[in-house]
Amino acid sequence: MTAETDTRTTTVYKVTGMTCGHCEGAVTAELAALPDVTSVKAVAATGEVTVVSAAPLAEADVRAAVDEAGYALAGQAQAQA
């Protein structure tokens, strides 16, 4: 799910393997280090990570950051009706 507001892009990703606050912190730190990222919120209970950035991010960059944290990117979350 991607939404553009002003010049910001918000994307929700599904990440597998997160089970606790430490996991959330590791994923958040790696994604926050990407260029243009302004905020990251990871939720282990749902496996969702919300990323706000100044421009759309390349999925390969997001995947590499999540891999570096020790988890797996399952893709973007599906928008709920």
Side-chain angles (χ1 to χ4, degrees):
M1 172 171 69
T2 302
E4 292 191 31
T5 306
D6 298 320
T7 58
R8 297 184 319 171
T9 300
T10 301
T11 308
V12 180
Y13 297 97
K14 291 294 278 183
V15 174
T16 59
M18 294 190 302
T19 59
C20 64
H22 179 269
C23 301
E24 293 169 349
V27 170
T28 296
E30 290 297 333
L31 289 171
L34 292 175
D36 295 327
V37 171
T38 57
S39 93
V40 179
K41 178 169 177 57
V43 180
T46 62
E48 292 188 344
V49 181
T50 303
V51 180
V52 179
S53 56
L57 301 173
E59 186 172 321
D61 293 341
V62 174
R63 185 172 305 281
V66 170
D67 287 348
E68 183 66 26
Y71 305 94
L73 179 67
Q76 290 188 17
Q78 296 299 315
Q80 295 184 359

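What's counted below: heavy atoms across the whole structure, side chains too, no hydrogens, waters or symmetry copies.
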With a 4.5 Å heavy-atom cut-off, do Glu30 and Val40 have their side chains touching? no
Is Thr38 reaching over with its side chain to a backbone N or O of Val52, donor-acceptor style, under 3.5 angstrom? yes
Heavy-atom closest pair (Val49 atom, Ala42 atom, distance to 0.1 Å) is CG2-CB, 3.9 Å
Would you give the length of the straight line joining atom CD of Glu24 to atom NZ of Lys41, rounded to the nearest 0.5 angstrom? 7.0 Å
According to a hydrophobic-cluster definition based on side-chain heavy atoms being under 4.5 Å apart (Ile, Leu, Val, Met, Phe, Trp, Tyr only), do Val66 and Leu34 belong together? yes
Over all heavy atoms of both residues, which pair between Glu59 and Leu73 is shortest? Give the atoms and the distance, please. CG-CD2, 4.0 Å
For the residue pair Val37 and Ala32, what are the closest heavy atoms and their distance? CG1-CA, 3.9 Å
Between Cys20 and Ala44, which heavy-atom pair has the shortest distance, and what is it? N-CB, 3.6 Å
Heavy-atom closest pair (Lys14 atom, Thr46 atom, distance to 0.1 Å) is NZ-O, 2.8 Å
Heavy-atom side-chain proximity of Leu57 to Tyr13 below 4.5 angstrom: yes
Which atom pair, heavy atoms only, marks the closest approach of Gly17 to Cys23? O-SG, 4.2 Å
